[in-house]
Amino acid sequence: MSSDQPRNIPLPAMLAKESKPNLSHSQVTEAIRRLYGLNASVIRPLPSYDDQNFYVESSEGGEYVLKVMNSTDSQNVTLMELQTHAMNFLHHNGLPAQTALPTLTGELMSLEDFVCGFGKQKYLVRLLTYLSGTTIAKITPSPQILYEVGKMAATLDSILLQMEHPNISCLQREGFIWSLSSIPLLNHYLYVMDGNPVHKIVKAVLEQYETQVVPKLSLFRKCINHGDLNDHNLLMEPDGPTKYKMSGILDFGDMSSGYFIFELAISIMYMMIENPDPINVGGPVLAGWESVFCLNEAERDCLYLLVLARFSQSLVLARYTVTQQPENEEYLMTTAKTGLLHLCRLWELGKEEVERIWFQRAAQFRQ
């Protein structure tokens, strides 16, 4: 994809402020009662980039997550239906993905009119199962946890490859800004990094992506990516005295057609964010991944640069989105705060040294 692609396509990371829902407590209570016949005894907001999420406990005894999609994404009902189908498909194939509960009329989602600050707009509403566990962001990930993340990521993409749906082509999502295929589109938003010391590194990463990754895209194995396996979207729970197991996979909003190597790069990048030993994260994640799906030569050669590309993507889009939602800066910049340091460190060490660390550590982990 060249950097002169159309600039006016709807980009989820570039949503206007008025697109994000802002439902009140009473609106949430009324919607849950009307749509699902449940009486909410506890409603607690959950963090979200573009949507509005709530933890809900009902008087009837159940725990749920109410997800209200932004008004822009709510227009793409087909894509939302496919994401919901994928969650159910993974759940039925043994992965701990959330599933959507039917409304009183049997629908897995409902397009609702709400007035919440910007006039009446339509928002897609889903009530999802609540999964127990602790986000990886709140745990110091051991090599064993990182191994499980890599293994799960490869398993997830392998299972999604078997999924059938009449509208599966909508996952192509041409120009979707959070796909690693869309890295060249970041050139249009680089100006938000002006004056930032990391600007030169990000620019160089984008240039190297064009010259080193784009020519090898045809050699990457294709799949469907979750696209956002970050440390807040993965839940773990104890499995014995010293180990953890995966108990939840959240947020399928960034699903798109892509490549296996994209998912691995994204997983490594996000597992580095809060890790006290970030450079050594790649080894156990890679070992877990290759216990399911071995990389080919082209994929292995591009892994380092794709991790840098994801850091660059996160930094640029967070900075840009803050200009649209300044009141949400603390949440939007969560990854960027440490991501900037990790990007600089990876760049400073260079491809050869980082690959040596990752691949040797992965080999040792498998012994």
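All of these numbers come straight from a predicted model, not from anything done at the bench.
- Of the N and O atoms on the side chains of Lys67 and Asn53, at least one donor lies less than 3.5 Å from an acceptor on the other residue.
- Classification of the Tyr147-Phe365 ring pair by plane angle, with boundaries at 30° and 60°, yields parallel.
- Across all their heavy atoms, Met87 and Leu128 have their closest contact at CE-CD2, 3.9 Å.
- Classification of Glu112 and Lys122 as a salt-bridged pair fails, no side-chain N sitting under 4.0 Å from a carboxylate O.
- Ile273 pairs with exactly one of Leu341, Thr338, Ile136 by the side chain to side chain contact (heavy atoms under 4.5 Å, CB included) rule, that one being Thr338.
- Proximity of Ile266 to Asp228: side-chain heavy atoms (C-beta onward) are nowhere separated by under 4.5 Å.
- The closest donor-acceptor contact from the side chain of His226 to the backbone of Asp251 lies under 3.5 Å.
- We find that Lys20 and Asp51 are not joined by a salt bridge, their nearest charged nitrogen and carboxylate oxygen being 4.0 Å or further apart.
- Without hydrogens or angle criteria, Ser71 side chain to Tyr123 main chain gives no donor-acceptor distance under 3.5 Å.
- The minimum heavy-atom distance linking Pro143 with Pro284 is given by the pair O-CB, 3.6 Å.
- Residues Leu250 and Leu234 form no side-chain contact, since every pair of their non-hydrogen atoms from C-beta on lies 4.5 Å or further apart.
- Within 6.0 Å of NZ on Lys203 lie no more than 12 heavy atoms contributed by other residues, nucleotides or ligands.
- Side-chain polar atoms of Ser19 and Thr72 form a donor-acceptor pair below 3.5 angstrom.
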Q: Please report the C-alpha distance between Met269 and Ser314 in whole Å, then the side-chain angles of each, then the deciding distance to 0.1 Å, and finally whether the side-chain contact (heavy atoms from CB on, under 4.5 Å) criterion is met.
A: CA-CA 10 Å; Met269 175 268 187; Ser314 180; 3.8 Å; yes

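- A single hydrophobic cluster is not seen to contain both Leu111 and Val68; linkage of ILVMFWY side chains at heavy-atom distances under 4.5 Å, directly or through other members, places them apart.
- Residues Gln364 and Arg361 have side chains that never bring a donor and an acceptor to within less than 3.5 angstrom of each other.
- No side-chain heavy atom of Leu235 sits less than 4.5 Å from a side-chain heavy atom of Met246.
- Between Leu317 and Leu186 there is a side-chain heavy-atom pair separated by less than 4.5 Å.
- Judged by distance alone, with hydrogens and angles left aside, the side-chain atoms of Gln98 form no donor-acceptor pair with the main-chain N or O of Leu131 at under 3.5 Å.
- Under the 4.5 Å side-chain heavy-atom criterion for Ile, Leu, Val, Met, Phe, Trp and Tyr, Leu35 and Val42 are members of distinct hydrophobic clusters.
- Under the 4.5 Å side-chain heavy-atom criterion for grouping Ile, Leu, Val, Met, Phe, Trp and Tyr, Tyr64 is not connected to Met69 through any hydrophobic cluster.
- For the pair Glu352 and Arg356, the salt-bridge criterion is not met [side-chain N within less than 4.0 Å of a carboxylate O].
- Annotation: Tyr320 is in aromatic contact with Tyr189 [ring centroid separation under 6.0 Å].
- Between Leu124 and Asp73, every side-chain heavy-atom pair lies at or beyond the 4.5 Å cut-off.
- In terms of modelled atom types and a separation under 3.5 Å, the side chain of Ser291 and the main chain of Gly288 share a donor-acceptor contact.
- When all heavy atoms of Leu229 and Tyr270 are compared, the closest pair comes out as O-CB, 3.7 Å.
- With hydrogens and angles left out, the side-chain atoms of Asn39 and Glu60 include a donor and acceptor closer than 3.5 Å.
- Of the N and O atoms on the side chains of Glu57 and Tyr55, at least one donor lies less than 3.5 Å from an acceptor on the other residue.
- For the 3.5 Å distance criterion, the side chains of Arg173 and Ser257 fail to qualify, holding no donor opposite an acceptor.
- Sparse packing is recorded around NZ of Lys245, with 12 or fewer heavy atoms of other residues, nucleotides or ligands lying under 6.0 Å away.
- Contact detail for Ser132 and Glu237: the closest heavy-atom pair is OG-OE1, 3.5 Å.
- Trp289 places a side-chain N or O within 3.5 Å of a backbone atom of Phe293 that can act as its donor or acceptor partner.
- In this structure, Gln162 places its CD atom where more than 12 heavy-atom neighbours from other residues, nucleotides or ligands lie under 6.0 Å away.
- Formation of a donor-acceptor pair under 3.5 Å by the Thr211 side chain with backbone atoms of Gln208 is found in this model.
- With hydrogens and angles ignored, the 3.5 Å screen pairs a side-chain donor or acceptor of Gln313 with a backbone N or O of Ile177.
- Among all heavy-atom pairs drawn from Ser182 and Gly175, the shortest one is OG-C, 3.7 Å.
- Glu148 has no carboxylate O lying under 4.0 Å from a charged side-chain N of Lys151, or vice versa, which leaves the two without a salt bridge.
- With contacts defined as side-chain heavy-atom distances shorter than 4.5 Å, the pair Asp277/Val281 does not qualify.
- Closest of all the heavy-atom pairs between Met272 and Val307 is SD-CG1, 4.4 Å.
- A donor-acceptor pair is defined here as one N or O able to donate and one able to accept, closer than 3.5 Å; such a pair exists between the side chain of Gln27 and the backbone of Val115.
- Glu290 has its side chain within reach of Leu286: a pair of non-hydrogen atoms, C-beta onward, lies under 4.5 Å apart.
- Counting only heavy atoms from C-beta outward, the side chains of Asn275 and Asn280 never approach each other to under 4.5 Å.
- Between the His85 side chain and the Glu164 main chain, a donor and an acceptor come within less than 3.5 Å of each other.
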